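Here is the structure we will look at.
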Amino acid sequence: MNRRGFLHRSASLAAIGGVAGLGRSCGYALADEKGGVTFAGYAGGDVRLSRKDIASFARGLEGAVLHPGDNGYDHARSIWNASIDRRPKLIARPASPEDMWRTVKFASENGVSLSIRGGGHNHNGYAVSDSGMMMDLSQMRAGDVSLHDKSAVVEPGMTFAQFDGLTHKAGLAATGAIVSMVGLPGYTLGGGIGWLHRKFGAGCDNLIGADIVTASGDLVRANARENEDLLWALRGGGGNFGAAARLHYRLHELDSVYAGLIFYSLEDLDRVGRFLDGYLDGAPDDLNVWMLHRMAPPSPLLEKSVHGKPVLILAVTWTGGQSEGERITAPLLKAAVPLGASLKRRSYPEWQSALDAAWGDGFCNEWVGGYLNAYDADVRNVISTFVNAASSPFSDFKVALLGGEFSRAGAADAAFGHRDAKYAYVIQTRWLKTEEARRHLAWTYEFHRALRAIDAGGVYVNFIGKEEPPSRVADAYEPERLKRLRAIKSSIDPDNFFNQNANIKPT
Ligand SMILES: Cc1cc2nc3c(=O)[nH]c(=O)nc-3n(C[C@H](O)[C@H](O)[C@H](O)COP(=O)(O)OP(=O)(O)OC[C@H]3O[C@@H](n4cnc5c(N)ncnc54)[C@H](O)[C@@H]3O)c2cc1C
């Protein structure tokens with residue numbers, strides 16, 4: 001990708017309107033709706049478009065357009081969460097920012113509901129519109145690293161595995177998810193925590209620029225010099241403000257980490273938890289710890305007799321020097337008698353993908369979360385009660401230590417709020433496609449109710465549950481942040497065209 005193009009190209013899309021596309025469209029399956037196709041409208045109701053107009057749109061794209069029945073249609077509408085089974089009336093697969101612009105313009109001018117698929121990992125399925133249009137960015141995965149100013153410009157179809165592939169060669173990294181298949185745009189625009197947020201800030205804090213296609217058909221560049229307000233909103237406000245055609249990240253020097261898992265029996269939760277909650281209070285930024293509570297996976301680190309039994313797993317990342325890392329993490333190995341441990345020096349991409357095998361697609365999932373001020377006896381009691389009675393052996397309850405650089409971003413820096421919480425938590429319920437959802441959802445939301453009674457309030461926007469009411473989105477932001485987000489939304493998308501997301505409504 002031409003990086004200079006991203007940084008210096010005119011922000012006007014009038015010029016892009018004149019770019020000729022190659023017009024590649026797959027075989028049609030529109031015969032069921034003679035003369036036209038009925039789409040869900042973005043403002044509610046239905047919208048009918050003629051086949052001629054749809055064909056003309058498809059011809060104008062360099063990328064492909066898929067219709068129900070086309071080869072690849074079912075694959076394109078399938079996302080990580082197998083509970084989501086939605087059927088867009090049309091899937092556009094842009095090959096360029098110009099294609100993205102044409103797609104947004106076609107949908108908005110015709111009043112059609114449009115969803116955006118980045119990495120397709122949002123558990124709520126925002127990526128897939130039911131009966132509207134879907135813009136699938138999976139064909140846009142180019143990127144470029146600048147060693148000079150330690151930054152990367154990438155297209156929005158990229159996953160963290162691909163991003164790592166690009167940045168690691170240069171000995172650089174930015175905060176990413178703890179599973180490498182997650183898409184960059186949904187993660188970053190929602191906020192982004194992982195193995196590195198205590199050292200380098202949230203994912204969105206490292207977003208230093210973006211090209212955004214707006215609902216009115218403009219290409220707007222947001223960075224520290226232009227549209228600063230928009231950049232602020234993109235740092236945590238999600239996909240509410242437009243479609244990100246390119247993302248520009250600040251990178252940091254990081255080649256390898258001292259990292260791994262420490263397994264304890266869940267019976268030791270009280271002992272280990274009491275120690276941890278205190279020890280982590282003064283932890284250096286280089287130390288990052290997540291607590292995972294679940295049934296033990298069939299890990300070679302564990303005796304076979306432990307497999308399937310409730311365990312507490314500490315996922316530990318140390319980004320500093322080796323000997324100091326060994327010293328700081330040693331007490332974590334002695335909080336009780338560990339069942340197994342795997343701390344060692346490894347490349348950052350190896351660590352970022354270490355949990356991938358447990359989090360592939362094909363399962364049904366429900367996630368719901370919040371923040372905690374302490375990992376105290378009350379919290380541990382709730383964890384112990386619910387994890388021991390988990391409805392599925394694949395489910396996990398995760399608690400991530402916040403603080404460090406993450407907590408230094410102020411209200412003026414990013415829309416992503418609640419920076420003073422000590423921990424973020426998420427209940428991750430996961431079950432087989434062949435099972436009934438009801439008992440898993442009941443376990444999830446009973447667990448959540450018990451935590452909500454003692455948690456710190458608020459929620460990370462990417463951990464809002466599918467079954468929660470739309471009003472829950474407001475809990476993701478402190479009142480001042482929400483007010484500013486609504487004002488920006490009102491000025492850039494007053495009709496709420498971009499609403500297939502954790503929706504911030506215009507005022
Ligand atoms: C296995 C797994 C592990 C995860 N680990 C972490 C983690 O460690 N830390 C963390 O913070 N989160 C984590 N998440 C949550 C994840 O960050 C969110 O689900 C995120 O939305 C996924 O991004 P995506 O691009 O894959 O999502 P998609 O489902 O493609 O999109 C999600 C949302 O982003 C919007 N969007 C996508 N692309 C664009 C774009 N180009 N422009 C504007 N809006 C866009 C969509 O409209 C939609 O609302 C994880 C999720 C999964 C499934």
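Just so it is clear, the model here is predicted, and its values are computed rather than measured. Whatever order the structure lists ligands and atoms in, that order sets their numbers, starting from 1.
- Neither side chain, Trp443 nor Thr429, offers a donor N or O lying under 3.5 Å from an acceptor on the other.
- Taking the six-membered ring wherever Trp is involved, the centroid distance between the rings of Phe406 and Phe416 falls below 6.0 Å.
- Under the 30°/60° scheme for interplanar angles, the aromatic rings of Trp195 and Trp351 are found to lie parallel.
- Heavy atoms of Gly192 approach ligand 1 to within less than 4.0 angstrom.
- Note on ligand 1: Trp367 sits in its first shell, one or more heavy atoms being nearer than 4.0 Å.
- Atom 3 (C) of ligand 1 has Val182 CG2, 3.5 Å as its closest protein atom, hydrogens excluded (heavy atom only).
- Less than 4.0 angstrom separates some heavy atom of Ala243 from each of these atoms of ligand 1: 42 (N), 43 (C).
- At a 4.0 Å heavy-atom cut-off, ligand 1 touches Gln500 through the backbone alone.
- Taking only nitrogen or oxygen atoms, main chain and side chain alike, Pro156 does not reach within less than 3.5 Å of ligand 1.
- From the protein, the heavy atom lying nearest to atom 28 (P) of ligand 1 is Gly120 N, 3.5 Å.
- Close approach of ligand 1 to Ala177 is summarised as follows: ligand atoms under 4.0 Å from at least one heavy atom of the residue are 5 (N), 6 (C), 7 (C), 8 (O).
- Between Ile178 and ligand 1, a contact under 3.5 Å exists for at least one N or O pair.
- In summary, the atoms of ligand 1 found under 4.0 Å from a heavy atom of Ile193, numbered by their order in the structure, are 7 (C), 8 (O), 9 (N), 10 (C), 11 (O).
- Residue contacts with ligand 1, taken as heavy atom pairs separated by less than 4.0 Å, involve Leu189 solely via side-chain atoms from C-beta onward.
- The shortest N or O to N or O distance between Asn501 and ligand 1 is not below 3.5 Å.
- Note on Asp99 versus Arg93: no salt bridge recorded, every NZ/NE/NH1/NH2 to OD/OE distance being 4.0 Å or above.
- Residue Tyr460 has at least one heavy-atom neighbour below 4.0 Å for each of these atoms of ligand 1: 10 (C), 11 (O), 12 (N).
- Here the straight-line distance linking atom CG of Asn496 with atom OG of Ser490 works out to 9.5 Å at 0.5 Å rounding.
- Between the side chains of His440 and Ser391, at least one donor-acceptor pair of N or O atoms lies under 3.5 Å.
- A distance below 6.0 Å separates the ring centres of Phe447 and Phe397.
- Under a 4.0 Å heavy-atom criterion, Gly242 is in contact with ligand 1.
- Checked by atom type, the side-chain pair Asp493/Asn240 shows no donor-acceptor distance below 3.5 Å.
- The salt bridge (charged side-chain N to carboxylate O under 4.0 Å, His left out) test with Arg408 is passed by exactly one of Asp285, Asp420, Asp205: Asp285.
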